[in-house]
Number of protein chains: 2
Amino acid sequence: MGISKIDKMHSLSKNQQIIFDLIDKSPEPLKAYTILFNVQKKGIKAPPQVYRALDKLVEMGKIHKIESRNAFIACHNSSCQVAKATAFSICEICEKVTEISSAGLSKYLANFKDKDGMKYSKYNLEFFGLCKKCR
Amino acid sequence: MGISKIDKMHSLSKNQQIIFDLIDKSPEPLKAYTILFNVQKKGIKAPPQVYRALDKLVEMGKIHKIESRNAFIACHNSSCQVAKATAFSICEICEKVTEISSAGLSKYLANFKDKDGMKYSKYNLEFFGLCKKCR
DNA sequence: CTTATAAATGTTATATTATTACATAGTGTT
DNA sequence: AACACTATGTAATAATATAACATTTATAAG
């Protein structure tokens with residue numbers, strides 16, 4: 001059997017798959033060195049291996065980087081196949097991070113014009129507050 | 001003469017002033033260690049001195065951190081006296097960063113409700129694209 | 001003024017996050 | 001097989017940020 005060309009195009013390399021699986025299963029954003037420690041048993045031993053996989057996964061839109069936390073979460077928004085327009089809510093107490101998928105919000109931001117009339121299709125928005133549990 | 005109480009309340013400590021002046025005069029965002037190298041002649045010799053001043057200046061809303069760049073710029077938006085609701089455009093070629101002050105945008109974001117009906121008064125938005133010069 | 005308190009500073013060391021550089025191996029195409 | 005491209009392995013190091021503790025300066029209360 002094997003993997004068809006089309007599937008292969010969309011499939012992940014070994015290290016990418018290992019690291020994506022870990023992030024995807026995690027209920028919270030993971031930091032690069034947390035990932036490293038957790039995949040050493042699978043043979044990924046050095047930072048560049050982790051950072052390279054993270055870079056590719058971000059490019060593909062499979063994961064997102066939470067910039068204010070230097071941490072990574074899996075994309076759970078089927079519409080953002082590419083890492084270009086992201087929004088998150090972050091709880092300042094428990095650090096829970098949730099990806100926001102709001103058609104209204106993405107539409108508003110994609111159509112926003114700055115004072116030079118410039119539009120931006122790429123953005124990252126991080127909201128801070130308290131989650132339900134922590135309120 | 002000297003400084004009145006009211007003025008003093010709003011004034012910066014020595015290190016804060018040195019570091020704020022440097023950032024405020026810079027046409028581009030400055031990184032912590034760039035700041036450190038540039039203020040060593042003024043007696044600020046170690047990272048904690050820089051990071052402490054940066055933290056306070058961010059708290060006060062005098063400067064903002066550009067999270068995706070780990071760099072700091074002076075606030076040029078008289079309405080954001082506190083570092084709680086910020087928006088920037090970032091040129092992906094020349095790395096020019098501009099603070100966006102749009103009443104419409106801040107209103108939209110401050111009133112945005114997530115799917116749980118939650119509102120957020122604190123946020124950071126970074127738009128990416130090409131500036132006028134680089135287009 | 002002086003004493004208590006809080007804020008800021010100075011200093012050393014270390015923790016955390018990320019990249020450079022180079023060698024090797026696998027994959028897909030012609 | 002030859003080539004180009006992507007991914008991997010590895011060591012070293014660069015860049016970003018904080019911990020811990022001693023000291024000094026500023027502020028406010030008595």
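A note on names: the letters A, B, ... follow the listed sequences, proteins ahead of strands, and every chain is numbered from 1. Atom set for the values below is all heavy atoms of this structure, side chains included, hydrogens, waters and symmetry mates excluded.
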Item to check | For atom CD of B:Gln17 and atom P of C:dA8, their distance in whole Å | outcome: 13 Å

Item to check | Whether B:Glu126 side chain and B:Glu67 backbone form a donor-acceptor pair below 3.5 Å | outcome: yes

Checklist entry - Between C:dT12, D:dA17, C:dA18, which one does the side chain of A:Lys65 approach most closely? => result C:dA18

Checklist entry - B:Phe37 CZ to D:dT16 C1': how many Å, rounded? => result 11 Å

Next on the checklist: Starting the side chain at C-beta, find the nucleotide from D:dT18, C:dT11, C:dT20 nearest to B:Lys45.
Outcome noted: C:dT11

Next on the checklist: Please tell me if A:Asn70 has a side-chain N or O lying less than 4.0 Å from either OP1 or OP2 of C:dT16.
Outcome noted: no

Checklist entry - Nearest to the side chain of A:Asn15, which nucleotide is it out of D:dA7, D:dA17, D:dG9? => result D:dG9

Item to check | Under 3.5 Å donor-acceptor, A:Gln49 side chain and A:Ile44 backbone | outcome: no

Next on the checklist: Please tell me whether B:Ile100 and B:Phe88 are part of a single hydrophobic cluster in this structure, the criterion being side-chain heavy atoms less than 4.5 Å apart.
Outcome noted: no

Item to check | Nucleotide D:dG9, atom P - distance to CD1 of A:Ile19 in whole Å | outcome: 10 Å

Checklist outcome for this item: For B:Ile93, the other hydrophobic cluster members (4.5 Å side-chain criterion, sorted by chain and number) are B:Leu130

Checklist entry - Judged by atom type as modelled, is there a donor-acceptor pair below 3.5 Å linking the side chain of B:Asp24 to the main-chain atoms of B:Phe20? => result no

Item to check | ILVMFWY network linking A:Phe128 to A:Leu105, side-chain heavy atoms under 4.5 angstrom | outcome: no

Checklist entry - Can you check the A:Leu30 CG to C:dT17 P distance for me, whole Å? => result 12 Å

Checklist entry - Starting at CG of B:Leu36 and ending at P of D:dA14, how long is that distance when rounded to a whole Å? => result 16 Å

Checklist outcome for this item: Comparing nearest nucleotides in DNA chain D, the 5'-proximal residue of the pair A:Lys56, B:Asp55 is A:Lys56

Checklist outcome for this item: By nearest-nucleotide position on DNA chain D, the 5'-leaning member of A:Arg52 and A:Pro47 is A:Arg52

Checklist entry - What's the closest nucleotide to the A:Gln49 side chain, out of C:dT11, D:dT8, D:dT16? => result D:dT8

Checklist outcome for this item: Closest of C:dG10, D:dT8, D:dT16 to the B:Lys14 side chain is C:dG10

Checklist entry - Is the side chain of B:Asp116 donor-acceptor paired with the backbone N or O of B:Met118 at a distance under 3.5 Å, no angle test? => result no

Checklist entry - What is the ring orientation for B:Tyr123 with A:Phe127, classed by angle as parallel under 30°, tilted 30 to 60°, or perpendicular over 60°? => result perpendicular

Checklist entry - Does the side-chain ring of A:Tyr33 lie flat on the base of C:dT16, meaning centres under 5.5 Å and planes less than 30 degrees apart? => result no

Checklist entry - Which whole-number value in Å describes the distance from A:Leu54 CG to C:dA18 P? => result 9 Å

Checklist entry - Looking at C:dA18, D:dA17, D:dA7, which one has an atom nearest to any side-chain atom of A:Gln16? => result D:dA7

Item to check | Atom pair distance, as rounded to whole Å: NZ in A:Lys31 and P in D:dT16 | outcome: 15 Å

Checklist entry - Just how far, in rounded Å, is P of D:dT16 from CZ of B:Arg69? => result 13 Å

Checklist entry - Roughly how bent is the helix from C:dC1-D:dG30 to C:dT30-D:dA1 end to end, in steps of 10 degrees, with each end axis from five pairs? => result 40°

Checklist entry - OP1 or OP2 of C:dT9 less than 4.0 angstrom from a side-chain nitrogen or oxygen of B:Ser13, does that happen here? => result yes

